[in-house]
Structure formats: C-alpha cells, structure tokens
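Note sheet for the following structure.
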Amino acid sequence: MRGHPGRGEAGREVTHGETAASERGAEVGRKIGVGLMYGLWKPRVLGAWKVPASGPVIFAVNHSHNVDGPMVMGTAPRPTHFLIKKEAFIGPLDPFLTGIGQLKVDRSTADRTAITGALDVLTAGGVLGIFPEGTRGDGDFASLRAGLAYFAVRSGAPIVPVAVLGSTDRPGRLIKGLPALRSRIDVVFGDPFDAGDGSGRRTRKALDEATLRIQERLTGHLENARRLTGR
C-alpha cells in the first residue's frame, strides 16, 4: 500500500521507506520471535490480555537492552512493527528486518517517509512499536521524544505501555552482549490509554501537553510493573 505524504510536524524524529510495512511479514517476525525468545530465555508475560484484539495500537516500550524489541515481538499477542534506528539495517539484516515488517528510522534528519510508513501501519489497524526515549538508556521513561505523542494524537490510536524488566540484570557468559541464557525476563503490558485531550489539536503546545501526559502514564506503569515482578 502506498503511503500518503506525511505532514512532517514531528519530522525530525523518524524516517522510513515509501511503502507500508507488511502485516504478513510482521506475523512471520512474531513467530520467529516466539521461537527465539522462549528458546533462549524464560519470558514471563503479564497483562497481555489488555492489548486490544484489533484496531490500531501503539506499544510504548522502555529500552535498556537490544533484546527488548525482539522480546516484545516474541511475547506480544499481535504482530508488531517497530521503528528501529537505521544503523541496525546493515548487511543481511537490512532485507531481513524489512521483510518482517520493521520500519527504518533515521534519527538525525527530517525524513517524512518514516512518518508515512508508521501512520500507514496504524491506518491499516496494525500495531506500531516505539521506544519513546529514542535510544537505549536506563529504560525508565525519564526523557521522552515528541514522536510518540505525534503518532498517538495524529492517528487516535491508544497507547499500551510495555515494561521489559530483567534484560540487563545478568550478562551471558558466552555472549556478553546478551542476557544470560535461560534467565527470566519479564514483559508487562499496561492498560491502553488515549494521549490526546479530545480536541484533535496537533499544535506544538498540544503535542507537548500530550507528551507530559504520556510520560506520567508510562512512569506509573513502570513503577507498577516493578512492584508486580519484584524487580
């Protein structure tokens, strides 16, 4: 499906190619994720029933380890199209990630095609995965970029907060860059919520206000997830 031209109001945040990501590819990616994540580690999934069974949804995921995205892909009840930094699309990973419905993001330029691709996913009733902090860090939602608010307000899609906990607890013995094999990683899905104020406004002020509302909800979910899991 051809994307419509993006308006670029949050254009400095993301970028992608010209065609909508493949839902079939994302389902293949989900099945691969299930096999790998449950084969290598011991995911404990809480709250997956809260994810709407159909219609557009945005997963807002904390990000402290490279395995966080694949872990959500392999444990979520629906196929997920993640916005992934373009640096990950190297060599054979480029056609693979594209083939499983993932979206390339250039975080350094105002590339409207990423916005178009992400909005196409939501328009088609799919699930868009976003790391709202923009890059790996403490995974505590302390600093959010405006892109999440833009997609939520523009599309009207509910946001489902997702907390991935335990991925940085213990590095692997053989591969230090991965969590220890067969270690437990918790994935906690929260209650869906609307980011907008109901007015439909997409001004800079409206997006800033939405970002503050989002941050409050995501931080609250993370605190609750830590209580539930004992982490």
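The basis for the numbers below is simple: all heavy atoms, side chains too, and nothing from hydrogens, waters or symmetry mates. FYI, the numbering just counts along the sequence from 1.
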Exercise: identify the closest heavy-atom pair between [X] and [Y]:
X	Y	answer
Pro179	Val67	CG-CG1, 3.8 Å
Gln102	Ile100	NE2-O, 2.9 Å
Leu46	Leu228	CD1-CB, 4.4 Å
Leu222	Ala163	CD1-CB, 3.8 Å
Tyr150	Ile115	CE2-CG2, 3.6 Å
Thr75	Pro43	CG2-CB, 3.9 Å

Does a sphere of radius 6.0 Å around CZ in Arg231 hold more than 12 heavy atoms from other residues, nucleotides or ligands, not counting ones at 6.0 Å or beyond? yes
Check whether more than 12 heavy atoms from other residues, nucleotides or ligands sit under 6.0 Å from atom NZ of Lys50, and answer yes or no. yes
Starting from the C-alpha separation in whole Å, work towards a yes-or-no answer on side-chain contact (heavy atoms from CB on, under 4.5 Å) for Phe131 and Val72. CA-CA 11 Å; Phe131 299 112; Val72 173; over 6 Å; no
Please answer whether the main-chain N or O of [Y] pairs with a side-chain N or O of [X] as donor and acceptor at a distance below 3.5 Å.
X	Y	result
His81	Leu128	no
Trp41	Ile185	no
Ser183	Ala180	yes
His63	Gly69	no

Can you check side-chain contact (heavy atoms from CB on, under 4.5 Å) on Glu133 and Asn62, steps first, answer last? CA-CA 7 Å; Glu133 295 159 291; Asn62 68 323; 4.1 Å; yes
Hey, could you give me the [atom1]/[atom2] distance between [X] and [Y], rounded to the nearest 0.5 Å?
X	Y	atom1	atom2	answer
Leu103	Ile130	CG	CD1	9.5 Å
Leu97	Ile84	CG	CD1	5.0 Å
Asp94	Thr98	CG	OG1	5.0 Å
Arg184	Ser167	CZ	OG	12.5 Å
Arg226	Asn224	CZ	CG	11.5 Å
Leu165	Asp186	CG	CG	6.0 Å

Any side-chain heavy atom of [X] sitting closer than 4.5 Å to one from [Y]?
X	Y	answer
Met71	Val187	yes
Ile32	Phe96	yes
Glu23	Val121	no
Leu218	Pro132	yes
Met37	Met73	no
Arg217	Pro161	no
Arg78	Val51	yes
Asp68	His65	yes

Is the ring centre of Phe59 less than 6.0 Å from the ring centre of Phe82? no
Ile58 pairs by side chain to side chain contact (heavy atoms under 4.5 Å, CB included) with which of Leu122, Val160, Val127? Leu122
Are Leu212 and Ile159 connected into the same hydrophobic cluster when the rule is that any two of I, L, V, M, F, W, Y join if their side-chain heavy atoms are below 4.5 Å apart? no
According to a hydrophobic-cluster definition based on side-chain heavy atoms being under 4.5 Å apart (Ile, Leu, Val, Met, Phe, Trp, Tyr only), do Val188 and Val45 belong together? no
Could you tell me whether Glu27 and Arg30 have a side-chain N and a carboxylate O separated by less than 4.0 Å? yes
